[in-house]
S.K.: 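Quick one: this structure, given as structure tokens, is what I'll be asking you about.
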Amino acid sequence: MKPAAPPRRNALTTLLASLGGVGLLGVGLYLYVDQNHPDKNLTGPQPASTEEAAPARIPEPEAAIVAAPETVRVAAPTVATTDSSAIADAPTETAPAEASATTPDTEEATDAPAPESSPAAATNTTIPAPVPAAPEPDDDDATQKIRTVLAGYYADLFAPPLNAENYFAPQVERLYIQQHLTPAQINATITQTFFPDNKKAVYQVEPGTLRVSAPAQDGSRMATYSEACRLFRVSKGRYQRLRTQVRVKFDADYRITFLRQERMLENVFE
């Protein structure tokens, strides 16, 4: 009996097996070579830097460090102008209590306040007393009454207390920049805002400037005049002289119902 013949191998199977073996051999060889050649980016020489390293700063001894003195700039003093034409166009609607804040003042930044007892102020300490209501030749009865009321009000501004009820109507339409006031409110306002910074205030109606209108149907009259004032400003340490154009309305009982400073004519510090 003959032995059985071995099965024939498929040529395609043999080829695939051979290619697989070769592939595995190639993979193993690649891995072996790669492990023995590290990454060139990590071990190769780096290019030289194009920026030179700054030399290390050697600290100086403290004794050699000297601070330069700070330069102090002193503003040049400003001389107050006495040209009334340069001030005439400046609008003003200021109560005496607010003269320090609202009247034109070209020396606010350079004038250092000085006490009233300083030598500079001592030369101007002689202040005339409040000006009485002197009649003028052309005054009629109404004009003289109005002049007397204004003189009494101005005399009260020389020093506290103010007695506004003696000069103002029970209801005041306007006083400088404030509206709808009573005499009690006027007393409080002048006491709190005017007297602290304004001392020895001497007001007067400039001679020859008072003009009084004919009475209206309700008996009220309108008066216009130039007001002159000289007072000591505590915050400035100096005397201030002002001239303003004023319009005042009186009721039939010659009590003030309206008072307004319409235009500044002069504002000078002495």
Side-chain angles (χ1 to χ4, degrees), residues 84 88-99 102-103 128-191 193-194 198 201-231 241-267:
S84 59
D89 294 334
T92 60
E93 240 177 70
T94 62
E98 299 176 350
T102 55
T103 53
V131 180
E136 295 187 3
D138 296 334
D139 283 357
D140 56 15
D141 183 64
T143 302
Q144 181 56 37
K145 289 181 178 179
I146 287 175
R147 193 184 298 277
T148 301
V149 172
L150 291 173
Y153 169 57
Y154 287 153
D156 257 9
L157 292 178
F158 183 79
L162 176 70
N163 299 299
E165 60 276 5
N166 294 337
Y167 323 109
F168 291 89
Q171 292 294 326
V172 178
E173 177 185 348
R174 179 176 184 139
L175 176 64
Y176 303 107
I177 62 173
Q178 295 183 308
Q179 297 180 353
H180 308 298
L181 300 171
T182 64
Q185 291 173 324
I186 294 173
N187 286 333
T189 298
I190 299 298
T191 300
T193 61
F194 178 73
N198 300 277
V202 176
Y203 285 85
Q204 67 170 332
V205 177
E206 288 192 319
T209 64
L210 179 59
R211 300 290 183 269
V212 179
S213 69
Q217 292 183 354
D218 59 357
S220 62
R221 298 173 185 264
M222 189 69 69
T224 59
Y225 58 92
S226 294
E227 174 191 85
C229 167
R230 187 172 185 263
L231 49 79
R241 187 172 69 252
L242 304 115
R243 293 177 60 246
T244 53
Q245 186 67 35
V246 181
R247 182 160 56 99
V248 185
K249 184 179 180 180
F250 294 82
D251 63 13
D253 296 325
Y254 296 97
R255 292 291 185 265
I256 299 172
T257 61
F258 180 100
L259 194 158
R260 178 183 179 185
Q261 293 174 323
E262 294 187 320
R263 188 161 63 98
M264 176 69 69
L265 303 176
E266 185 180 22
N267 178 27

S.K.: For Lys145, which residues count as a side-chain hydrogen bond (donor to acceptor under 3.5 Å, both in side chains) partner, sequence neighbours excluded?
M.R.: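 Testing Lys145 for side-chain hydrogen bond (donor to acceptor under 3.5 Å, both in side chains), a comparison that skips the adjacent residues, returns Asp141.
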
S.K.: Nearest 0.5 Å, please: how far is OG1 in Thr244 from OH in Tyr225?
M.R.: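 Nearest 0.5 Å value for the OH-OG1 distance: 7.5 Å.
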
S.K.: Go through the structure and list residues passing side-chain hydrogen bond (donor to acceptor under 3.5 Å, both in side chains) with Asp139, not counting sequence neighbours.
M.R.: Arg147

S.K.: By side-chain contact (heavy atoms from CB on, under 4.5 Å), which residues pair with Gln171, not counting sequence neighbours?
M.R.: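 So Gln171 forms a side-chain contact (heavy atoms from CB on, under 4.5 Å) with Thr182.
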
S.K.: Which residues pass the ring pair (Phe, Tyr, Trp, His ring centres under 6.0 Å) test with Phe250, sequence neighbours left out?
M.R.: none

S.K.: Compute the ring centroids of Phe168 and Tyr153, then answer whether they are less than 6.0 Å apart.
M.R.: yes

S.K.: Please enumerate all residues that pass side-chain hydrogen bond (donor to acceptor under 3.5 Å, both in side chains) together with Asp138, with sequence neighbours excluded.
M.R.: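 Here no residue qualifies.
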
S.K.: Please give me the minimum heavy-atom distance between Pro170 and Pro183, naming the atom from each residue.
M.R.: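 Of all heavy-atom pairs spanning Pro170 and Pro183, the closest is O-CD, 3.4 Å.
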
S.K.: Any chance you could measure Tyr203, atom OH, to Arg230, atom CZ, to the nearest 0.5 Å?
M.R.: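 Rounded to the nearest 0.5 Å, the OH-CZ separation comes to 13.5 Å.
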
S.K.: With rounding to the nearest 0.5 angstrom, report the CG to CG distance, Leu157 to Leu231.
M.R.: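 Leu157 atom CG to Leu231 atom CG measures 9.5 Å (nearest 0.5 Å).
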
S.K.: Is a side-chain N or O of Tyr167 found less than 3.5 angstrom from the main chain of Gly152, in a donor-acceptor match?
M.R.: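 Yes; at least one donor-acceptor contact below 3.5 Å.
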
S.K.: Show every side chain to side chain donor-acceptor pair (under 3.5 Å) that has at least one partner inside residues 248-259, sequence neighbours left out.
M.R.: none

S.K.: How many angstroms lie between atom OG1 of Thr224 and atom CD of Gln245, to the nearest 0.5 angstrom?
M.R.: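 CD of Gln245 is found 6.0 Å from OG1 of Thr224.
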
S.K.: Is there a side-chain contact between Gln204 and Tyr154 in this structure, where contact means two heavy atoms from C-beta onward sitting under 4.5 Å apart?
M.R.: no

S.K.: By side-chain contact (heavy atoms from CB on, under 4.5 Å), which residues pair with Asn187, not counting sequence neighbours?
M.R.: Leu162, Ala164, Glu165

S.K.: If you take all heavy atoms of Met264 and Glu266, which pair is closest and at what distance?
M.R.: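 So the two residues come closest at SD-O, 3.1 Å.
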
S.K.: Run the side-chain donor-acceptor check on residues 208-223: report pairs under 3.5 Å with partners two or more places apart or on a different chain.
M.R.:
unit_1, atom_1, unit_2, atom_2, d
Thr209, OG1, Glu206, O, 2.6
Thr209, OG1, Ser226, N, 3.2
Arg211, NH1, Gly208, O, 3.2
Arg211, NH2, Gly208, O, 3.3
Ser213, OG, Met222, N, 2.9
Ser213, OG, Met222, O, 3.3
Asp218, OD1, Ser220, N, 3.1
Asp218, OD1, Ser220, OG, 2.7
Arg221, NH1, Ser213, O, 3.4

S.K.: What distance separates Gln261 CD from Glu227 CD, expressed to the nearest 0.5 Å?
M.R.: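 It comes to 5.0 Å.
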
S.K.: Return the CZ to CZ distance between Arg247 and Arg263, rounded to the nearest 0.5 Å.
M.R.: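 It comes to 13.5 Å.
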
